[in-house]
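Report on one structure; see the data block that follows.
Only a predicted model underlies this, so the values are computations on that prediction, with no experimental measurement involved. A, B, ... follow the sequence lines: proteins, then strands. Residue 1 opens every chain.
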2 protein chains.
Amino acid sequence: MSGKKVTSLDVARAAGVSQSAVSRVFTKGASVSEAMEKRVREAAERLGYRPNVLARSLITGRSRIVGLVVAYLDNPFFADAVEKLSHALQAEGYHLLIFTVGNSGADLDGVVSELMDYQVDALIAASVDLSGALVARCASAGLPVVLFNRGIDKSGMSAVTSDNRAGGRRVAEFLLAGGHERIAHISGWQGSSTGRDRREGFEAGLRAAGAAPLEVIDGRYSRAEAAEAARAMMDRPDPPDAIFVGNDYMALAVMDVLRFDLGLSVPGDVSVVGFDDIAMSAWPAYDLTTLRQPVRRMIAATVEEVLARIDTPSRRPSRIEIEGPLVVRGSARLPRSGSGGESE
Amino acid sequence: MSGKKVTSLDVARAAGVSQSAVSRVFTKGASVSEAMEKRVREAAERLGYRPNVLARSLITGRSRIVGLVVAYLDNPFFADAVEKLSHALQAEGYHLLIFTVGNSGADLDGVVSELMDYQVDALIAASVDLSGALVARCASAGLPVVLFNRGIDKSGMSAVTSDNRAGGRRVAEFLLAGGHERIAHISGWQGSSTGRDRREGFEAGLRAAGAAPLEVIDGRYSRAEAAEAARAMMDRPDPPDAIFVGNDYMALAVMDVLRFDLGLSVPGDVSVVGFDDIAMSAWPAYDLTTLRQPVRRMIAATVEEVLARIDTPSRRPSRIEIEGPLVVRGSARLPRSGSGGESE
DNA sequence: AGGTGATGTGCAAGCGTATGCAATCACCGC
DNA sequence: GCGGTGATTGCATACGCTTGCACATCACCT
């Protein structure tokens with residue numbers, strides 16, 4: 001109906017005040033009288049005025065846009081995380097501009113450039129490993145970077161993860177307590193800190209009991225590769241009696257292979273334990289024992305860190321680890337005594 | 001390292017040319033000599049200059065941002081769609097600003113306002129029903145709206161869906177051909193066009209054979225409600241021998257209830273057919289027969305429509321329906337003869 | 001030689017908003 | 001009644017960029 005965009009100047013004219021007055025009414029802590037406020041708001045309402053965020057960004061230097069780089073959106077863990085992240089940021093008046101990147105991460109460089117072109121206030125990388133060069137670029141541009149579900153120690157960016165080492169260790173203890181003797185591991189991608197930490201914690205846990213993994217194969221966060229790894233393991237003369245899988249997404253594929261391809265019983269023949277506790281793990285068709293990543297708290301921490309870094313650019317990046325419980329379900333043989341599992 | 005933002009003016013000075021020259025080098029079809037191009041690019045490279053998209057948007061009136069409103073991100077169908085959508089738009093130089101909205105859709109009004117504040121070039125609503133008032137708002141602001149997986153006929157927005165009526169009908173025919181006699185339906189939310197169309201097509205299909213659904217319950221796209229509906233149906237004195245579920249996400253919940261809660265066999269005791277063909281439906285634990293929505297083509301059509309509407313604001317919104325095949329797997333009893341199923 | 005395009009460049013005017021500064025004003029204590 | 005104080009307001013500028021316009025240049029043609 002109405003012609004085109006209505007600007008603060010239009011409102012000013014309609015209300016018989018200056019453009020700056022209009023601006024002040026719509027800017028948080030500015031000083032405006034009640035009368036002015038009322039007049040302007042009425043005129044604005046009548047004309048259907050809303051401030052242009054882009055123009056505002058140009059001058060304030062803040063866009064209220066947070067860039068999100070994400071790779072594995074097919075893994076429900078991340079879909080869930082993205083949804084919660086979006087919600088949380090939205091509540092704070094920020095919004096997510098999303099950039100998907102092939103799992104290769106090859107074009108990551110270009111993606112980060114594009115991100116910066118949009119003058120995003122911060123960058124969240126969900127399960128994506130940024131190269132040192134990229135981090136430097138962001139740092140020199142004063143762009144706060146927060147890693148979600150990835151952690152790199154030596155760099156200048158914040159990172160939020162669960163305590164992956166402790167988690168891996170906990171799984172090892174649980175499987176040992178269950179009396180398993182040939183415990184294998186299909187790991188998360190060993191190029192990722194998350195994948196490595198879980199493996200190391202797991203191996204440390206076994207070692208503490210004088211044990212060692214029967215075999216470790218890198219599943220690279222792929223269902224297909226995890227399935228292949230499972231087949232290879234079960235093809236051994238001494239197949240494992242328990243497999244710890246680097247995340248639930250792969251663990252479900254492993255269970256499918258064991259049960260439907262190989263006709264084995266889980267946990268009768270082989271125990272399976274995952275990591276993440278995605279929604280599907282609780283479904284009765286899988287009923288997967290897994291180490292939960294407390295997504296809610298991880299997201300809260302991420303958002304908090306992002307906002308803090310935006311408000312205080314000088315703030316030092318911090319490394320946040322959140323512990324999650326082992327969720328004991330039916331996919332792994334239980335320890336005899338009560339020792340070893342806490343239900344939630 | 002370097003201080004702060006480097007602007008086109010900095011580059012201009014460094015290259016000894018005017019600021020407009022720099023701008024022209026970075027603006028697609030502008031006229032620049034080779035020599036100029038080279039000089040400017042070198043200076044830009046050296047200083048690490050990249051155009052500020054926001055400032056550009058302010059003057060061109062185009063942000064190259066597309067707003068995405070999405071509700072059910074826990075349903076893998078949408079997670080998948082979002083990923084593909086993001087990829088496709090990214091390839092065209094656009095990016096997604098995402099807005100999640102509670103399934104209630106109560107705050108939809110506010111969300112659309114925020115969207116418009118960011119001067120998005122277009123709005124894609126994935127499985128969200130926009131009220132007439134909202135559509136009017138967008139139309140009067142000259143904002144193209146494209147519905148994904150929702151279609152409303154009477155309105156001024158484009159819509160891309162699969163052929164839900166034909167799909168529903170196809171399912172009915174398949175179940176009838178399979179010799180089922182008491183066919184029930186747990187529908188998608190009847191407040192959504194998609195849910196209604198599938199139900200109507202399904203009922204029409206039954207009717208054409210002189211049959212009628214045993215019972216229809218609205219599952220409202222919720223796993224919990226679908227599960228409850230399944231229990232209620234099976235509690236009848238004459239329980240169904242087949243259930244058509246309004247989408248895969250609910251269908252998996254229904255299968256869980258039938259098999260693990262009620263100890264029934266699928267398809268031995270009850271056949272189950274879904275709609276969407278999400279990745280999990282192909283997993284052996286479910287092996288769900290379902291009507292595939294061709295996501296790839298739907299996304300391609302959506303992107304095409306979005307770009308066309310952006311380029312040609314006067315263009316009339318169009319309604320696009322894409323047919324998908326029935327994917328016959330193991331969750332429903334097969335017809336005797338070969339008639340009735342095409343494998344993919 | 002003068003005209004006629006075509007081509008490349010700089011100038012300057014914005015795009016819609018925030019904000020420092022100075023001006024105005026009401027009000028207060030003395 | 002006066003200087004002072006604090007709260008409001010308008011003016012003008014700046015944010016980083018695109019683009020219409022005028023102008024300069026140069027090749028080419030009649």
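- Side-chain contact, Glu321(B) with Ser162(B): no donor N or O sits under 3.5 Å from an acceptor N or O.
- Donor-acceptor pairing under 3.5 Å is recorded for the side chains of Arg309(A) and Ser158(A).
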All N/O contacts under 3.5 Å from nucleotides 23-28 of chain C to the protein, with atom names and distances to one decimal?
none

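- Using modelled atom types, one finds no donor on one side chain facing an acceptor on the other under 3.5 Å when comparing Ser63(A) with Gln119(A).
- Near DNA chain C, meaning a heavy atom under 4.0 Å from it, residues 31-44 of chain A has no residue at all.
- Of all heavy-atom pairs spanning Gly93(A) and Tyr118(B), the tightest one is O-OH, 4.1 Å.
- Across all non-hydrogen atoms, the minimal contact from Pro294(A) to Ile322(A) is CG-CG2, 3.5 Å.
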request  = Apply salt bridge (Lys or Arg N to Asp or Glu O under 4.0 Å) to Glu45(B) and Arg41(B), showing your working.
outcome  = CA-CA 6 Å; Glu45(B) 183 82 15; Arg41(B) 287 223 184 270; over 6 Å; no
remark   = Expected string for nucleotides 14-20 of chain D under the B/S/- scheme (protein heavy atoms, under 4.0 Å, primed atoms plus P, OP1, OP2 as sugar-phosphate) is BBBBBBB
Without placing hydrogens or testing angles, list every side-chain donor-acceptor pair under 3.5 Å for residues 75-82 of chain A, not counting sequence neighbours.
{"residue": "Asn75(A)", "atom": "OD1", "partner": "Phe77(A)", "partner atom": "N", "Å": "2.9"}
{"residue": "Asp80(A)", "atom": "OD1", "partner": "Lys84(A)", "partner atom": "NZ", "Å": "2.7"}
{"residue": "Asp80(A)", "atom": "OD2", "partner": "Lys84(A)", "partner atom": "NZ", "Å": "3.2"}

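- More than 12 heavy atoms of other residues, nucleotides or ligands shown are found within 6.0 angstrom of CZ on Arg315(B).
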request  = Encode nucleotides 22-27 of chain D as B, S and - characters from 5' to 3', where the letter depends on protein heavy atoms closer than 4.0 Å: B to the base, S only to sugar-phosphate, - to neither.
outcome  = ------
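- Judged as a side chain to side chain donor-acceptor pair (under 3.5 Å), not a single pair has a partner in residues 51-61 of chain B (not counting sequence neighbours).
- Neither side chain, Thr194(B) nor Ser192(B), offers a donor N or O lying under 3.5 Å from an acceptor on the other.
- Residue Glu304(B) places its CD atom among 12 or fewer non-hydrogen atoms of other residues, nucleotides or ligands, all under 6.0 Å distant.
- With Val128(A) as the fixed residue, the side-chain contact (heavy atoms from CB on, under 4.5 Å) test singles out one of Val70(A), Leu68(A), Leu108(A): Leu108(A).
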